[in-house]
Amino acid sequence: MPELPEVETVRSGLAGVVTGRTVLAVHVLHPRPVRRHLPGPGDFEAALVGRTFAEPRRRGKFLWLPLDDGDALVAHLGMSGQFRSDSRDAPLQPNTRVLWDLDDGRQLRFVDQRMFGGVWLSAGGAVLPHEVAHIALDPFDPRFDPDAVAHRIVRRTAGVKRLILDQTLVSGIGNIYADESLWRARLHYDTPGSRLTVRRAAGLLRHAHDVMAASLGHGGTSFDRLYVDVNGSSGYHERSLDVYGREGLPCRRCGRGVVREAFANRSSYRCPSCQALPDTLARP
DNA sequence: ACGAGCTCCTGCTTGC
DNA sequence: TGCAAGCAGGAGCTCG
């Protein structure tokens with residue numbers, strides 16, 4: 001589902017669609033995706049009219065579209081959110097939730113099947129919406145400091161996968177790229193942060209950066225297909241993932257069968273031999 | 001502060 | 001055939 005590379009793909013696509021465009025009208029078709037706009041759907045529809053978008057920005061998996069008056073339209077894609085640019089009279093695809101009529105005759109559409117995502121207006125949020133301020137820098141941010149984050153990781157006792165999924169430590173990583181990063185680093189997801197050296201933790205963060213950069217680099221078209229075909233993980237099988245979704249298939253390094261294990265109400269994939277728990281932590 | 005578990009939500013897949 | 005359960009998971013929340 002959308003993690004940093006996918007959200008960045010959406011951000012750069014949106015840039016060409018909304019930058020410099022003025023909003024003529026807004027239509028909320030389902031209230032849930034605007035639940036974080038506290039004044040309600042009616043206010044959301046009215047508040048944006050007549051305002052002009054600047055170039056979209058991103059931190060981790062959060063997107064925001066700055067407005068020329070210093071506020072921002074914030075968006076999170078959640079599990080299944082998509083932005084589409086369509087002609088205003090084009091038929092709505094299923095699960096279309098919010099429409100923005102733009103001054104070039106196009107219509108921006110927010111589509112979200114599962115509605116974990118949402119859009120809302122953030123007063124004064126053009127530079128950094130306050131709803132995003134608690135999110136850590138992501139590995140693509142030039143100010144991202146892997147050594148500083150590594151030092152925080154090794155002071156924690158939680159499993160390393162939980163830690164790299166903690167968006168207040170490092171943002172942008174989701175379940176898929178967490179598993180891919182751990183596979184590259186040959187780490188078991190339950191290895192406590194405190195069992196890592198700073199060097200090893202920083203190495204894991206570098207792997208996270210690299211695997212997401214590779215996805216962003218080669219993934220544009222397959223991501224588009226994913227967003228068209230949101231409802232399954234089928235899109236991911238098209239991609240060159242090394243471990244995620246490969247239950248029972250041979251590890252690309254050692255040939256052992258990849259296992260899928262329950263982790264925090266979701267799944268973790270790992271190679272049982274490349275990514276074993278350290279002996280001193282082995283469970284009965 | 002930290003760690004862990006729960007909840008939201010829809011639609012496809014699986015199993016009886 | 002029909003229905004229910006399982007599964008996908010980002011992030012905010014609560015509880016200990």
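Quick note: numbers below take in every heavy atom, side chains included, and nothing from hydrogens, waters or symmetry partners. Note that the structure is predicted; figures quoted are calculated from it, not measured. Chain letters run A, B, ... following the sequence lines, proteins first, then strands; residues in each count from 1.
Residue-level contact check: A:Phe62 touches the backbone only, with heavy atoms under 4.0 Å from sugar-phosphate atoms and none from bases. When heavy atoms are screened at a 4.0 angstrom cut-off, A:Asn95 is found touching the sugar-phosphate backbone but no base atom. Residue-level contact check: A:Arg36 touches the backbone only, with heavy atoms under 4.0 Å from sugar-phosphate atoms and none from bases. A:Arg260 comes within 4.0 angstrom of the backbone, heavy atoms only, and of no base. At the heavy-atom level, A:His30 lies nowhere under 4.0 Å from the strands shown.
Ring planes of A:Phe62 and A:His76: perpendicular class, angle over 60° (limits at 30 and 60°). Relative ring orientation between A:Tyr189 and A:Phe263 is described as perpendicular, the plane-to-plane angle rising above 60° on a 0-90° scale split at 30° and 60°.
A salt bridge does not link A:Arg59 to A:Asp141: none of the charged side-chain nitrogens sits closer than 4.0 Å to a carboxylate oxygen. Remark: A:Arg106 does not engage A:Asp104 in a salt bridge, criterion side-chain N to carboxylate O under 4.0 Å.
Minimum atom distance to the side chain of A:Asn175 is reached by C:dG10, of the listed B:dT7, B:dG11, C:dG10. With distances taken from any side-chain atom of A:His76 to the nucleotides C:dA11, B:dT7, B:dA4, the minimum falls on C:dA11.
Side-chain atoms of A:Arg162 stay outside donor-acceptor range of the base of B:dA4, with no qualifying N/O pair under 3.5 Å.
Each of A:Asn265 and A:Arg155 has a nearest nucleotide on DNA chain B; the 5'-most of these lies closest to A:Arg155. For the pair A:Leu163 and A:Met115, both in contact range of DNA chain B, the more 5′-proximal nearest nucleotide belongs to A:Leu163.
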